[in-house]
Amino acid sequence: MSLSTSTRVATVLLAVAATAALVVSVAAGTTTRPAAGETATFALQPGSYPSFIFPIVDGAHYSVSNIEQFQRLMYRPLYLYGKAGKPIVNQAASLAQAPVYTKGNTRVTITLKPYKWSDGKPVTARDFTFLMNLLKANKKNWAAYLPGDVPDNVKKVIVSSPRTFTLVLDRAYSPVWFTGNQLSQLMPIPQHVWDKKSSSGPVGNWDQTTAGATAVYNFLISQSKNISTYASNPLWQVVDGPWKLSEFRSDGYSKFVPNPNYSGAVKPKLAAFVEQPFTTQQAELNVLRTGGIDYGYLPQSEVAQASALEHQGYTFKPWIQWGINYMPVNFANPTTGPLFKQLYIRQALQLTIDQAGYVRDLFHGYGWPTNAPVPLQPPNPYVSAYTKSTPYKYSPTKAAALLKSHGWTVNPDGVSVCNGNCGAGVSQGTKLELKLEYATGDTIVSQEVQAWKSAASKIGVKFDLSSGPFNQVIADVSPCKPGASCTWDIGFWGGGWLYGVNPIPVGDQQFLCGSGANFGQYCDKTNDANIHGVQQQAGLAPMRKFQNYMAQQLGVLWMPYRPNQLSMIKNSLKGVVQSPILSLTPEEWSFSK
Amino acid sequence: MTGYVLRRAGQAVVVLLLVTVIVFLLLHELPGGTARAVLGPMATKDSIAQFEKQHYLDKPLPVQYWHWLDSVLHGDLGFSYNQNESVAQLLSERLPKTVLLAGVSVVLALLIAIPLGFFQALRRNKPVDYAFTGLTFIFYSTPAFWLALILITVFAIHWQIFPAQAPQGNFKDIISHPEGMVLPVATIVLVSVAFFSRYVRSSTLENLLQDYVRTARAKGASTKRVAYRHVLRNALVPVVTLAGVALPFVFAGTLISEEVFNYPGMGLLYYNAAVARDYPVLLGVTLVVAAATVIGSLLADIGYALLDPRVRYTKG
């Protein structure tokens, strides 16, 4: 049949439809680009965005993105850590003058700097006691709370002047640890605005009773759950930090403008500071390549694009973070726990981990080994010479010899078998077969695991690999009651441990007997005593003793660590110093002409 | 027809309930603890215990389910564990974005696929048919992720015609910057056209061989009339059904665009909630998508009846 008419009509329809997208775009006009100039745009990592403004953070929101990169911009702690790229106190950016420890380090006197809240009222000791009262009444809701630590260890607060107060402690503490891991978590909050039990209720001294402090806390938490009002709620508009929130979206997009009453020495020079969320690293890279971000990052797998972006006006700068990486081994597993309790087994496993090789080949050189609970990078006053020496350098030969000397028949590329006295609880015929669960989503983590599996096979250790999302892995390898259901052997979530909110690397959360994040339930009385020494004795000698012991004892298996991100910073953006604590200080930034 | 719709609506409620029960059970069968997954590696034993108590995770599964269902029946879909926002609020923010992205994409894909498939059927086995088949299959077989990156490289980075990311902000912000939607929509459209056009083409070919076509021609109907009044209408019936039940596919399909173009919609919300074990969000999204699928299926059946005079739901 003749189809000339129908063909023409169909063709016209097709052409109309095919050009529809173009019509939409033409009608819309020009493309939108992020504003440049006086507004600096900072790219957030995928899945890492602010969602909690109230400084007494609960467990589900205890993160760098909520604390260091959001709340700290508005509410300054007594002591802010991270200075000149080192994990040390930034006295100039802190809210208080250096603490004075007296009476054998059982008292600490703090004098606030003459700061003002953004509404013009002074920041006083009352704002600090307000915080302490809320913490004491609601400490179990505060993610940073550990039994025995602040506020438990503060017996009394003596206010001696509007800006000076003394904390009476329950015993002597190391000034290094107490300032770094206790006082740095405390930030005065505006009592004259927040001490109320409802939106319409009056401001009072409700916090001075436990019931009142609970009611105030509940009110503030309820307000904090209404995130669509973050930029408009009068509560959150009273700040003592350099920035005020002017726009906030539930996807984490945050726009800050300078606090005109900021009392710190370094005032913001930017007109605004924007935190831009991204769904994926690829999405961020796409925008970065168009020049739409002032301070972004390269996915580690895309490091080859650094030079191209440098030609587009960016500076490549890895952001070193203050943390360690490791894999817990399950001492509580009734089957394989006896193996892990043998130091020589842990040593043999550690000797098959080629940290230097992973850094060189998998991290493209952007990383460093972990040898102990104290990080090697960035340069810091805490790390010891022994830790720096990498006590267990990669050597499958030594690992095999170690096994042989303890009664094992080593079967390279097979499975080693215990044929002698292999240690308490390890019977003859035991095979070196272990389960290893690791986190997916990061290619490099998978590559590390595969590389380790290959190296371990040289000494006859056979890994049964399984994988899952990060959250699943940390759930699966949690501390478990010894018994039939406690079956995991080795876990690797890849992210390690960041000493952010607690910048003094004491390991009390990960390595103390029975502590909540001691995944493998490593328990050693000497180690516990060493940790308490770091917390309670002055000076850095206890820190060295603690890390040297852990480096030798291998309560966990150490893995290399990576930068927080491979930053790409526009050449025109000046003043950026990347804090290893991962806090942001955009008040120091400016654009050059 | 009214009775039929009411009956189907009743069935839909049962289906929805079953879906939530199954999803609820499957979610809670996942290994490991929810509290640890949500609170992270730094959580203490006390904080884990408190979290479980606060969210009824220390109760038996039937109690947990009943608590959730009771809340839903009272209009409360729950509160996200880690996004600090109610599920209803999250859905109200994300759903319109996905509906816009998926809706525009599907409409555009159909606008292209229907005339294209029809045209190819009428010109079957001609060079132009082969050419369009080849072209559409190139896009169909191209991974959406890769296609999106090519579009970004060409149109956002090289030519700088469109932005590399979708408009940010709420629905109003997106509407006011539609140019940002061009590449995300184009990605979905390009991979969807072949999917739909193949159905139209084969359906048209099938109808061209039917007796009613010969009868119409014998009665003197023009080629144009036969093609557009008879064949096209009948050929669209399976496409309508397909479009109706394709909602889950479309939601899943938008995930790639959402990821690559920085467009946080329902697909990404569900994916991230699954990874983070954010049960309230997972259940809320499941409920909405299941409801949309059931409604889509119902609408498809109604559309089917309207398009095909042989199918009338007078009873049963």
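Hydrogens, waters and symmetry mates are skipped; everything else that's a heavy atom, side chains included, is used. Because the structure is a prediction, the values reported are computed rather than measured. Chain A is the first sequence line, chain B the second, and so forth, proteins listed ahead of strands; every chain is numbered from 1.
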Next on the checklist: Looking only at the side chains, is there a donor atom on one of A:N141 and B:Q50 sitting less than 3.5 Å from an acceptor on the other?
Outcome noted: yes

Item to check | Heavy-atom pairs under 4.5 Å with chain A, option from B:D46, B:I152, B:T44, B:V189 with the top count | outcome: B:I152

Next on the checklist: Need one label for B:A43: side chain, backbone, both or neither, based on atoms under 4.5 Å from any heavy atom in chain A.
Outcome noted: backbone

Item to check | Whether A:N286 side chain and B:A164 backbone form a donor-acceptor pair below 3.5 Å | outcome: no

Next on the checklist: With chain B as the partner, which of A:Q510, A:E284, A:R249 has the greatest number of non-hydrogen pairs under 4.5 Å?
Outcome noted: A:R249

Checklist outcome for this item: Cut-off 4.5 Å, heavy atoms of chain B, and the answer for A:Y62 is side chain

Checklist entry - So, A:D251 and B:Y263: side-chain donor and acceptor under 3.5 Å apart, yes or no? => result no

Next on the checklist: Please check: side-chain N/O of A:N471 versus main-chain N/O of B:V38, any donor-acceptor pairing under 3.5 Å?
Outcome noted: no

Checklist entry - Using non-hydrogen atoms only, which part of B:L149 is less than 4.5 Å away from chain A: side chain, backbone, both, or neither? => result side chain

Next on the checklist: What part of B:T153 gets within 4.5 angstrom of chain A, counting heavy atoms only: side chain, backbone, both, or neither?
Outcome noted: side chain

Next on the checklist: Less than 4.5 Å to any heavy atom of chain B: does that hold for the side chain of A:W497, its backbone, both, or neither?
Outcome noted: side chain

Checklist entry - Do any of residues 45-54 of chain A come closer than 4.5 Å to chain B, heavy atom to heavy atom, and if so which ones, in number order? => result A:Y49, A:S51, A:F52

Item to check | B:K45 side chain to A:P479 backbone, donor-acceptor under 3.5 Å | outcome: no

Checklist entry - What part of B:E93 is in contact with chain A, defined as an atom under 4.5 angstrom from a non-hydrogen atom: side chain, backbone, both or neither? => result side chain

Show me the side-chain donor-acceptor pairs of residues 265-275 of chain B shorter than 3.5 Å, one per line, residues at least two apart or across chains.
| from | atom 1 | to | atom 2 | distance (Å) |
| --- | --- | --- | --- | --- |
| B:Y270 | OH | B:T286 | OG1 | 3.4 |
| B:N272 | ND2 | B:L268 | O | 3.4 |

